[in-house]
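Comments concern the structure below.
The chains referred to below are lettered A, B, ... by the order of the sequence lines, with proteins before strands, and numbering in each begins at 1.
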Protein chains: 2
Amino acid sequence: MENLVPKVVPGDGTDGLRERKKLRLRETIGATAIRMFLESGFDQVSITEIAHTAGVSRRTLFSYFPAKEDLVLQRFADHEDEAARTVRARRTGQSPLKALREFQLSALQRRDPYTGLNDDPEISAFFRLVLSTESLQARVMRYTSRGIDALAKELQGNGSDPLTARLAAVQIIMVLHELALMNHECILNGQSAADRYPEAIRATSRAFDLLQAGLK
Amino acid sequence: MENLVPKVVPGDGTDGLRERKKLRLRETIGATAIRMFLESGFDQVSITEIAHTAGVSRRTLFSYFPAKEDLVLQRFADHEDEAARTVRARRTGQSPLKALREFQLSALQRRDPYTGLNDDPEISAFFRLVLSTESLQARVMRYTSRGIDALAKELQGNGSDPLTARLAAVQIIMVLHELALMNHECILNGQSAADRYPEAIRATSRAFDLLQAGLK
DNA sequence: CCTCAAAAGTAGACTTAGTGTACTATTAAT
DNA sequence: ATTAATAGTACACTAAGTCTACTTTTGAGG
């Protein structure tokens, strides 16, 4: 007697040759695109060229990356809820703001690209690409916005009323974003990460002081 | 003897039949576009249709509005440096934050569309259009970003060090933006502006308290 | 190993935003 | 009235993204 349940049980999505192949192809396409963008600029490379270079059809490329911007920015999604996770994982008794400050300072120390304080040529070239392309900047803002949502939710689940949680999240995420931009700008101007480091620490500390104690 | 200076002296740009005609045509095109967008949605109306309805060629339309989004959002540009102007025009001795708070509360009272607290059907439809269209939201963010620049500049010319000015500007403008979103959301859900008013005042006051005294 | 249904991929036409170019029509000043 | 600049148009072009119908690959079961 034949089985009435569907023959293909999706599993958890990580098993099977098919899944691994898809993942690899996605990697290939993304890497090809970024390489070409870094070489010639986002607007100077067409989807058609990327697809051809990566050895897939245009249509296939679009089935992996729904928009041209996604070819560059998928990796940003990883960081989108970093702040929320930091707050969630904080030591008991520690305030959210204190946890974020601590995390941010250690991120600077380890030159986390996310802080803007990283002068690795490939990483700073990637940042330059993103920040010099309007449509990419717009997309980054979307991720930032999701980061705000995530943090607000986390703060709210932590005793804050919804209004305060939301306002705090907006302030915090946007300030962190601004600090990263400042660091990146210095790196762009040729400063080394090591040179910039002390000032980056100072700026971050000052920013958290302002967040905590207000603008006055 | 012929005159060696250029024959056409531009003047201040407001004189002449030509200038007035251009201004009127621009109005016509913009109004036509917004009417059509409100009726069918931003993505459902093509540039070709708008140009045809407004009685101009596609190319002419693009010479007035370089992108489809600009057909909707040019009027946002007016508000882009409102915060900076408010700070500049404040009474002597008043702190920037105090001036902005005062301005914002009076803007709520007069139901300034800019605060999100306006239930006029045409205005709320316009907001809904903008907020339900991704590409328009991205464009709004650009204006917001310019508002930050303007305010930062104003604060800096007012004694703040550049870092503090910049961080304060980011916080203030983004918080105001968020407050407007909240009000708008309530209006969208059918609440009247009058109904929402007390809570809007409360939220704004709370937001300025947080900005001034910190998140703690 | 063979079969076969589902999933992945492809080809190519289509829509639409936006640009470049070469031409025509207005306008305003002499 | 002449004329040079400016505004507007027609038309062709590029490129992103979608739709549809077709082919290939894969992996599970017998």
Side-chain angles (χ1 to χ4, degrees), chain A residues 1-11 13-26 28-29 33 36-37 40-73 133-136 138-139, chain B residues 1-11 13-29 33 36-37 40-52 54-73 133-136 138-139:
Chain A
M1 182 181 182
E2 57 186 327
N3 199 339
L4 291 180
V5 298
K7 284 180 184 164
V8 174
V9 179
T14 62
D15 55 326
L17 171 57
R18 203 169 252 176
E19 304 306 320
R20 263 174 294 144
K21 219 176 176 180
K22 273 176 71 174
L23 227 59
R24 216 181 24 203
L25 182 50
R26 188 189 169 77
T28 305
I29 296 173
M36 295 175 77
F37 288 148
S40 322
F42 186 75
D43 296 323
Q44 275 58 62
V45 183
S46 77
I47 292 279
T48 304
E49 290 172 292
I50 297 165
H52 182 258
T53 306
V56 297
S57 73
R58 252 170 54 87
R59 202 64 180 74
T60 295
L61 186 150
F62 275 117
S63 88
Y64 281 89
F65 299 92
K68 194 181 181 186
E69 287 76 21
D70 295 318
L71 284 161
V72 177
L73 293 176
T133 307
E134 196 173 295
S135 60
L136 290 176
R139 210 37 89 111
Chain B
M1 182 182 182
E2 61 189 323
N3 199 339
L4 291 180
V5 299
K7 282 179 185 164
V8 175
V9 179
T14 61
D15 56 327
L17 171 59
R18 204 169 250 177
E19 303 307 320
R20 263 174 295 145
K21 222 176 174 179
K22 273 176 73 173
L23 227 60
R24 218 179 24 202
L25 183 50
R26 188 190 168 78
E27 258 320 296
T28 303
I29 296 173
M36 295 175 77
F37 288 149
S40 322
F42 187 75
D43 296 322
Q44 276 57 61
V45 183
S46 76
I47 292 280
T48 304
E49 291 172 290
I50 297 165
H52 181 257
V56 298
S57 73
R58 250 170 56 86
R59 204 65 181 77
T60 296
L61 187 151
F62 275 117
S63 87
Y64 280 89
F65 299 93
K68 194 181 179 185
E69 287 75 22
D70 294 320
L71 284 162
V72 177
L73 292 176
T133 308
E134 197 173 295
S135 61
L136 289 176
R139 209 39 89 110

Would you indicate whether the side-chain heavy atoms of A:E69 and A:T133 approach each other to under 4.5 Å? no

Short side-chain donor-acceptor distance under 3.5 Å, B:S63 and B:T60: no

Measure the distance from CD1 on A:I29 to C1' on C:dT10 and round it to the nearest whole Å. 13 Å

What I'd like to find out is whether the side chain of B:R139 reaches to under 4.5 Å of the side chain of B:D70, using heavy atoms alone. yes

Can you find an N or O donor on one side and an acceptor on the other, under 3.5 Å apart, linking the side chain of B:R59 with the base of C:dG20? yes

Atom-to-atom span, CZ of A:R58 to P of C:dC14 - whole angstrom: 15 Å

Ignoring hydrogens and angles, tell me if any N or O in the side chain of B:K22 forms a donor-acceptor pair with the backbone of B:Y64 under 3.5 Å. no

Hey, does A:H52 have a side-chain heavy atom less than 4.5 Å from the side chain of A:E49? no

Separation of D:dC13 atom C1' from B:F62 atom CZ, nearest Å, is 14 Å

Whole-Å distance, B:F65 CZ to C:dT19 C1', equals 18 Å

Are any of A:T60's side-chain N or O atoms less than 4.0 Å away from OP1 or OP2 of C:dT10? yes

Under 4.0 Å: is that the gap between some side-chain N or O of B:K68 and OP1 or OP2 of C:dG18? no

Is there side-chain contact between B:T28 and B:V56, with at least one heavy-atom pair below 4.5 Å? no

B:I50 atom CD1 is separated from C:dA17 atom C1', nearest whole Å, by 11 Å

Between D:dG8 and B:Y64, is there an OP1 or OP2 to side-chain N/O distance shorter than 4.0 Å? yes

Starting from P on D:dA5, measure out to CD on B:E19 and report it in whole angstrom. 17 Å

Whole-Å distance separating the NE2 atom of A:H52 from the P atom of C:dG12: 14 Å

Within residues 41-49 of chain A: residues closer than 4.0 Å to DNA chain C (heavy atoms): none

Should B:R26 and B:F65 count as side-chain neighbours, where that means a heavy-atom distance under 4.5 Å? yes

Nearest whole Å is fine: how far is D:dT25 P from A:L25 CG? 14 Å

Think B:K22 has a side-chain N or O under 4.0 angstrom from the OP1 or OP2 of D:dA7? yes

